[in-house]
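Structure record follows, encoded as structure tokens.
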Amino acid sequence: MIAEHSRTWTPRHPTDLSQTIGPVRRGPGDPTFQRAVDGSIWRTTRTASGPATVRFAQPAADVLRADAWGPGAAEAVAEAAVVLGEGDDPTGFDPRIPLIDEAHRRNPGLRLVRTGRVFEALVPAILEQKVITLQAHDAWRFLVHRFGEDAPGPPPREGGRRLKVVPMPGQWARVPSWEWHRAGVDPRRSRTIVNAARYAARLEEASGMSPADAAARLMLMPGVGVWTAAEVAQRAFGDPDALAVGDYHLSNYLGHALWGRDMTDDEMVEAMAPWAGQRQRVVRLLGASGVAGRPRRGPRMPFVDHRAI
């Protein structure tokens with residue numbers, strides 16, 4: 001099927017499509033995101049004009065392309081370059097130490113994604129609060145399949161299943177309590193999502209604010225703290241400094257990757273001070289380079305089946 005709107009462009013900075021857009025994928029089987037066999041990446045979004053399916057491709061190292069379908073196709077194509085890190089300028093980044101310098105040189109195309117969609121990033125971040133990632137991804141798949149709508153345009157694979165578009169905020173607010181329970185989402189997280197859905201329009205305003213003001217706006221919502229605000233900022237705002245303080249693994253990962261020991265959150269924040277303004281970029285570069293953190297031992301976050309409670 002021929003796309004309703006398309007755009008091909010040369011990015012301002014080296015850009016690796018897969019590395020850049022990868023963080024918006026919420027686990028294997030994410031119904032809003034799929035990598036096709038030809039290397040293109042398909043993603044759905046809900047623009048101000050309506051839902052859209054976007055196919056991102058990289059025909060050459062210095063060429064990016066976006067094809068889109070649906071009522072929001074024109075808007076999605078117009079903002080495609082921004083989504084793929086057009087505004088992310090790495091030229092002023094100072095790696096400071098050889099390990100990060102090597103990671104930076106090995107990943108010249110790693111840009112920071114900026115979807116501009118606050119509520120789309122907020123819901124899965126809330127689902128990931130205080131549970132293991134697999135549980136959160138299971139809940140995301142269940143809820144989007146259950147309450148999302150079929151994406152416009154063709155499926156990523158001929159004869160395959162269409163992607164889904166995330167529910168509108170009003171639909172999230174109306175999800176019955178028993179459906180949250182079926183998804184394995186406890187009442188605290190479901191209340192946080194339902195409450196945030198009622199203020200979704202005000203939350204979307206954060207995309208045009210400074211990082212500090214955006215975080216403050218997000219954290220006005222009960223149940224949204226520093227970690228959740230950072231997870232949103234990483235994806236919706238492309239904030240190069242959004243460090244997910246409070247993450248179950250991050251402080252020890254960075255502690256071992258950079259200093260060879262466990263760290264508390266407070267110690268991590270202090271140790272990362274030399275990279276102030278670029279802390280998310282450091283984390284992304286280390287991960288993209290396969291830099292190992294803490295050895296896999298010791299306690300892990302327990303699996304809690306909220307459906308059995």
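Note that the structure is a prediction, hence the values are computed from the model and not measured.
Because its NZ or CZ atom is both nearer than 6.0 Å to the ring centre of Trp9 and within 45° of the ring axis, Arg7 counts as a cation-pi partner of that residue.
A distance-only check finds a donor-acceptor pair linking the side chain of Arg46 to the backbone of Val166 [under 3.5 Å]. The main-chain N or O of Glu204 is found under 3.5 Å from a side-chain atom of Ser207 such that the two form a donor-acceptor pair.
With rounding to the nearest 0.5 angstrom, the CH2 atom of Trp227 is 14.0 Å from the CE atom of Met219. Distance check: Thr133 OG1 to Tyr248 OH gives 11.5 Å after rounding to the nearest 0.5 Å. Within the model, atoms CD1 of Ile193 and CZ of Arg198 stand 12.5 Å from one another, a figure rounded to the nearest 0.5 Å. Taken from CD in Gln129 to CG in Asp186, the straight-line distance is 9.0 Å, to the nearest 0.5 Å. Between the CG atom of Asp241 and the CD atom of Gln278 there is a distance of 7.5 Å, given to the nearest 0.5 Å. To the nearest 0.5 angstrom, Leu163 atom CG is 12.5 Å from Glu149 atom CD.
Here the closest heavy-atom approach between residue Ala57 and residue Ser40 is recorded as CB-CB, 4.2 Å.
Using modelled atom types, one finds no donor on one side chain facing an acceptor on the other under 3.5 Å when comparing Arg235 with Thr115. For Ser6 and Asp67, the side-chain atoms include at least one donor-acceptor pair closer than 3.5 Å. In the model, Gln19 has no side-chain atom that pairs as donor or acceptor with a side-chain atom of Arg284 under 3.5 Å. There is a side-chain donor-acceptor pair under 3.5 Å between Arg65 and Thr8. Side-chain atoms of Asp16 and Ser18 include no donor-acceptor pair closer than 3.5 Å. There is no side-chain donor-acceptor pair under 3.5 Å between His137 and Asp30.
A salt bridge does not link Arg174 to Glu179: none of the charged side-chain nitrogens sits closer than 4.0 Å to a carboxylate oxygen. Arg117 and Glu79 are joined by a salt bridge, as a carboxylate oxygen and a charged side-chain nitrogen come within less than 4.0 angstrom of each other. Asp150 has a carboxylate O that lies under 4.0 Å from a charged side-chain N of Lys164, or vice versa, which qualifies the two as a salt bridge. A salt bridge does not link Arg111 with Glu86: none of the charged nitrogens is closer than 4.0 Å to a carboxylate oxygen. Taking the charged nitrogens against the carboxylate oxygens, Arg55 and Asp38 do have a contact shorter than 4.0 Å, which makes a salt bridge. With salt bridges taken as basic N to acidic carboxylate O contacts below 4.0 Å, one links Arg217 and Glu205.
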Practice task
Evaluate the side-chain contact (heavy atoms from CB on, under 4.5 Å) criterion for residues Asp88 and Arg114: first the C-alpha distance (whole Å), next the side-chain angles of each, then the deciding distance (0.1 Å), finally the verdict.
Solution key: CA-CA 9 Å; Asp88 176 34; Arg114 179 174 184 161; over 6 Å; no
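Grouping the Ile, Leu, Val, Met, Phe, Trp and Tyr side chains by contacts below 4.5 angstrom, directly or via other members, places Met263 with Leu258.
Legend: residues meeting ring-ring contact (aromatic ring centres under 6.0 Å, His included) with Phe147, ordered by chain and number and at least two apart, are absent.
Taking the six-membered ring where the residue is Trp, Trp140 and Trp172 present parallel rings, their angle staying beneath 30° rather than reaching 60°.
Other residues, nucleotides and ligands contribute more than 12 heavy atoms inside 6.0 Å of the CZ atom of Arg12.
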